[in-house]
2 protein chains.
Amino acid sequence: MSGIDFKKIGLVGAGLIGGSIAARLARTLPDTVLLLHDASPGNAAYVAERHPRGKRVSGIDALAACDAIFVATPVATIAEQVVALLAQPGSRALVIDTGSAKQAIIAAVAASGADAGRFVPGHPLAGGISAGPGRASGDIVTTRPFVLTPTERTDPDALAHAKTLLEWLGAEVVEMAPDAHDRLLALGSHLPHLIAYALAGLGTEEPGDLLPASYRGIAAFAGSDAQMWSDIFRANTAELKSVLADFKKRLDLIAAMADEPVPGILLETLSDAKARVDALENEE
Amino acid sequence: MSGIDFKKIGLVGAGLIGGSIAARLARTLPDTVLLLHDASPGNAAYVAERHPRGKRVSGIDALAACDAIFVATPVATIAEQVVALLAQPGSRALVIDTGSAKQAIIAAVAASGADAGRFVPGHPLAGGISAGPGRASGDIVTTRPFVLTPTERTDPDALAHAKTLLEWLGAEVVEMAPDAHDRLLALGSHLPHLIAYALAGLGTEEPGDLLPASYRGIAAFAGSDAQMWSDIFRANTAELKSVLADFKKRLDLIAAMADEPVPGILLETLSDAKARVDALENEE
């Protein structure tokens with residue numbers, strides 16, 4: 001296990017999230033060496049240039065001596081990266097991932113037989129429609145909670161060090177069970193994107209300029225990276241289907257209320273939903 | 001039938017849409033008298049003050065001598081207002097409404113036995129989350145198409161004069177059959193709002209600050225006026241239920257693809273939706 005002193009940090013995956021973590025490292029730990037690997041050397045070089053001690057490396061071998069390593073690759077490849085990092089001979093690096101579906105990653109790491117004590121599953125509740133490091137920003141790390149989902153395999157020191165490092169970066173750390181995280185994200189992110197993709201697939205014969213703002217505003221979330229969302233839907237399918245069933249019931253319930261002879265029950269239901277949304281907006 | 005010269009215009013309903021029409025009248029027809037009636041005298045007075053010849057009136061009796069009258073009240077009350085205006089002795093006013101569901105309004109006007117030749121059903125494809133005249137803006141009239149849905153009862157001169165008046169106001173006029181309009185709005189506006197109300201009704205036990213941006217962005221449309229949306233859902237229920245059935249099929253289809261052993265079909269479907277959204281955004 002690495003000490004609390006982070007002299008050398010690794011980053012695997014220099015996209016929107018990886019680039020945003022690097023931006024905060026540049027600000028708060030500028031003397032720490034940052035080694036970056038990305039399947040796209042251009043992404044790694046782009047992010048490396050924006051850190052005073054950033055350096056692009058080819059492959060993960062160069063990361064064995066790091067004190068901590070962030071894995072911010074696409075969800076479908078995170079587990080294999082984490083397993084490979086944990087298997088590096090002599091490495092004592094803390095390994096923190098940023099994937100949007102935790103149970104599938106945790107299960108794949110466990111199935112590999114890797115000693116997962118140094119692995120702290122994580123997820124910054126952030127992101128956006130863009131992909132790649134071009135829109136990366138330290139704000140993505142500091143303005144939204146960074147969830148950690150330790151398991152019974154997680155070394156308590158590793159968890160404590162991960163929290164310390166993330167707090168140094170300016171993140172608000174929230175601990176949550178992996179299944180609670182996956183249900184929260186299924187409702188709060190995966191279902192909303194599924195809604196957007198489904199809505200954008202309807203009415204494709206309508207002239208675009210006749211489609212009102214609410215259609216455009218919701219369908220816009222389908223402008224996100226298709227590969228990324230294919231991976232996420234496939235990684236969290238069970239929770240997504242469960243919340244989808246609840247959502248369809250709720251759609252049917254409200255539509256049925258519109259057919260009731262008296263309007264009171266529909267109005268009350270819409271008013272309750274509006275009160276919820278107004279409260280959410282006042283919290284921001 | 002009034003002549004093409006609009007000396008006196010009436011407005012019933014001084015909310016977001018009525019206030020926006022008045023703002024354009026103030027700009028493009030400042031010498032025309034504008035008489036305003038609203039169930040809320042404050043709304044009518046607020047909008048009247050913003051037109052050089054605007055005047056609040058109590059009730060529709062004062063509108064009998066108008067050349068044209070806009071009816072921009074809530075959807076549930078439009079038909080009765082239109083019927084009452086058409087029944088005014090001696091009135092030759094062109095009557096244009098702005099309701100978001102056309103078939104129900106047209107059917108109710110027809111059922112009243114009114115002579116509907118002077119009635120031109122219309123709908124500006126605009127609006128927003130706010131209600132009331134405070135956020136009214138001429139841009140709402142000029143930046144989005146203003147749909148007219150004439151029927152076989154509509155006097156061709158009335159239709160021509162309505163088009164002329166709206167074009168004077170700076171609107172882009174689009175003609176459409178009432179059922180085509182209602183299907184378009186069910187998909188493009190009513191379903192998106194139903195989605196928002198349903199989503200906002202789920203996960204109410206989750207702490208708000210943990211809900212990601214996509215949930216908040218979609219649920220935000222449920223911040224719209226509950227009474228207005230209750231009326232709209234009740235006025236266009238059949239078309240809404242029809243497009244809801246299509247939408248649920250599409251949700252299930254994409255969710256099922258996430259369970260397929262190979263990812264290709266899901267990725268292709270999401271990519272097609274993304275291409276559609278990107279094309280919509282480039283059109284703007």
Side-chain angles (χ1 to χ4, degrees), chain A residues 125 145 174 184 187-189 192-195 197-204 206 208-223 226-227 229-230 233-234 237 240-241 244 246-248 250-251 254-255 258-259 263 266-267 270-274 276-281 283, chain B residues 125 128 145 174 184 187-189 192-195 197-204 206 208-212 214-223 226-227 229-230 233-234 237 240-241 244 246-248 250-251 254-255 258-259 263 266-267 270-274 276-281 283:
Chain A
L125 296 185
V174 174
L184 173 68
L187 168 71
S189 172
H193 281 82
L194 175 60
I195 287 168
Y197 285 111
L199 192 62
L202 293 182
T204 49
E206 303 288 359
D209 65 330
L210 291 181
L211 287 166
S214 53
Y215 176 95
R216 289 164 174 268
I218 294 177
F221 289 100
Q227 179 69 63
W229 281 97
S230 170
F233 291 161
R234 292 173 70 79
T237 313
L240 178 59
K241 283 187 161 179
L244 174 58
D246 293 343
F247 177 62
K248 287 192 300 176
R250 189 113 199 121
L251 288 168
I254 300 177
D259 262 343
L266 175 60
L267 179 58
L270 303 190
S271 297
D272 286 350
K274 174 173 167 53
R276 163 74 171 159
V277 167
D278 290 347
L280 276 180
E281 281 172 4
E283 268 176 38
Chain B
L125 297 184
V174 174
L184 173 69
L187 168 70
S189 173
H193 281 83
L194 176 59
I195 288 168
Y197 285 112
L199 192 62
L202 293 181
T204 48
E206 303 287 359
D209 65 331
L210 292 181
L211 287 166
S214 53
Y215 176 96
R216 288 164 174 269
I218 294 177
F221 289 100
Q227 179 68 62
W229 281 98
S230 170
F233 291 162
R234 291 175 70 82
T237 313
L240 178 60
K241 284 188 161 181
L244 173 58
D246 293 343
F247 176 62
K248 288 192 298 175
R250 190 113 199 120
L251 287 169
I254 299 177
D259 262 343
L266 175 61
L267 179 58
L270 302 190
S271 298
D272 286 350
K274 174 174 168 51
R276 164 71 171 160
V277 167
D278 290 346
L280 276 180
E281 282 173 4
E283 268 177 36

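For the numbers below, each heavy atom of this structure counts, side chains included, while hydrogens, waters and symmetry mates do not. All chains are named by letter (A, B, ...) in the order of the sequence lines, taking the proteins before the strands, and each is independently numbered beginning at 1. Bear in mind the structure is a predicted one, so any value in this text is a computation, not a measurement.
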Pairwise distance [atom1]([X]) to [atom2]([Y]) - rounded to 0.5 angstrom:
X        : Y        : atom1 : atom2 : value
B:Leu211 : A:Leu125 : CG    : CG    : 9.0 Å
B:Leu280 : A:Arg216 : CG    : CZ    : 5.0 Å
B:Leu199 : A:Asp246 : CG    : CG    : 11.5 Å

query = Between the side chain of B:Thr237 and the main-chain N/O of A:Ala255, is any donor-acceptor distance below 3.5 Å?
reply =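 No.
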Below 4.5 Å, heavy-atom pairs only: which of [options] has the largest tally toward chain B?
options                      : value
A:Ile195, A:Asp278, A:Val174 : A:Ile195
A:Pro145, A:Gly217, A:Gly208 : A:Gly208
A:Leu240, A:Asp272, A:Leu244 : A:Leu244
A:Ala198, A:Ser214, A:Ala200 : A:Ser214

Heavy-atom pair of closest approach, residues [X] and [Y]:
X        : Y        : result
A:Ala222 : B:Val277 : CB-CG2, 3.9 Å
A:Ala220 : B:Glu281 : CB-OE2, 3.7 Å
A:Leu267 : B:Gln227 : CD2-OE1, 3.2 Å
A:Trp229 : B:Leu270 : C-CD1, 3.8 Å
B:Glu206 : A:Leu187 : CG-CD2, 4.1 Å
B:Leu202 : A:Arg250 : CD2-CD, 3.9 Å

Residue among B:Ala273, B:Gly201, B:Ser230 with most heavy-atom pairs under 4.5 Å to chain A =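 Most heavy-atom pairs under 4.5 Å with chain A: B:Ser230.
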message = Taking side chain as everything from C-beta outward and backbone as N, CA, C, O, which of these in B:Arg234 sits under 4.5 Å from a heavy atom of chain A? Side chain, backbone, both or neither.
response = both
